[in-house]
Amino acid sequence: MKHQLPAPLVRFHVHMLREHATQLVALANALAKWKGRDTRLGEALELALVAGLSKSLADLLELAQDDKEAPHWLQLGPVNRMGGKALTPAELSR
């Protein structure tokens, strides 16, 4: 059975540090306990993003590491952001 994503949701293929994935799992587990239902990692990621993005861009950039401190990001290759346009699931499946 094929499911359509609700309009406000976008699917991502995300690379992240293992320790951050572990923290997201812990957050999702705590969120599930608080809500009394299963939660997806995306729901925990959304919560973390809302918390983090409540800071100004300048404050967030102060937390950024340069490429010498975090060379793993350079190993992933070039980025294509499609001009900032969010792709819909239908466009991704073509």
Side-chain angles (χ1 to χ4, degrees):
M1 176 187 268
K2 194 169 187 175
H3 297 283
Q4 291 291 342
L5 286 176
L9 297 180
V10 179
R11 185 180 305 230
F12 276 98
H13 179 87
V14 178
H15 291 87
M16 69 176 66
L17 294 174
R18 187 177 309 275
E19 66 189 72
H20 293 156
T22 301
Q23 289 174 312
L24 277 176
V25 168
L27 179 56
N29 288 338
L31 192 57
K33 185 175 180 181
W34 182 74
K35 288 190 170 197
R37 64 168 176 80
D38 286 342
T39 59
R40 297 185 177 275
L41 284 181
E43 199 170 349
L45 180 58
E46 181 70 18
L47 179 58
L49 286 170
V50 167
L53 294 176
S54 66
K55 295 179 176 276
S56 72
L57 287 179
D59 288 343
L60 290 173
L61 288 174
E62 286 181 18
L63 300 172
Q65 296 176 308
D66 68 23
D67 290 341
K68 289 180 183 170
E69 294 176 72
H72 47 273
W73 292 114
L74 295 174
Q75 298 170 7
L76 296 176
V79 175
N80 183 354
R81 289 196 172 87
M82 306 298 290
K85 177 180 177 251
L87 297 175
T88 64
E91 290 170 320
L92 290 171
S93 65
R94 289 184 198 151

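Computed from a predicted model, the values in this text were never measured in an experiment.
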Note to self: Filter on side-chain hydrogen bond (donor to acceptor under 3.5 Å, both in side chains), then keep only pairs touching residues 44-55, sequence neighbours left out; what's left?
What the structure shows: none

Next item on the list: May I ask you to decide if L31's main-chain N or O and T39's side chain share a donor-acceptor pair within less than 3.5 Å?
Entry: no

Check: Which residues satisfy the ring-ring contact (aromatic ring centres under 6.0 Å, His included) test with H13, sequence neighbours excluded?
Finding: H15

Note to self: Going by side chain to side chain donor-acceptor pair (under 3.5 Å), name the residues that satisfy it together with R18, two or more places apart in sequence or in a different chain.
What the structure shows: none

Check: Given the rule that I, L, V, M, F, W and Y join up when any side-chain heavy atoms are under 4.5 Å apart, are V25 and L49 in one cluster?
Finding: yes

Which atom pairs, donor and acceptor, lie under 3.5 Å between side-chain atoms of residues 58-66 and protein residues at least two apart or in another chain?
from : atom 1 : to  : atom 2 : distance (Å)
D59  : OD2    : S56 : OG     : 3.4
D66  : OD1    : K68 : N      : 3.0
D66  : OD1    : E69 : N      : 3.0

Check: So which of L24, L27, V50 actually passes side chain to side chain contact (heavy atoms under 4.5 Å, CB included) with L45?
Finding: L24

Checklist line | Listed partners of E43 passing salt bridge (charged side-chain N to carboxylate O under 4.0 Å, His left out), at least two apart | finding: K35, R37

Check: Hey, what else clusters with W73 if you join Ile, Leu, Val, Met, Phe, Trp, Tyr whenever side-chain heavy atoms sit under 4.5 Å?
Finding: L76

Item checked: Hydrophobic cluster membership, L41 vs M16, 4.5 Å side-chain cutoff -> yes

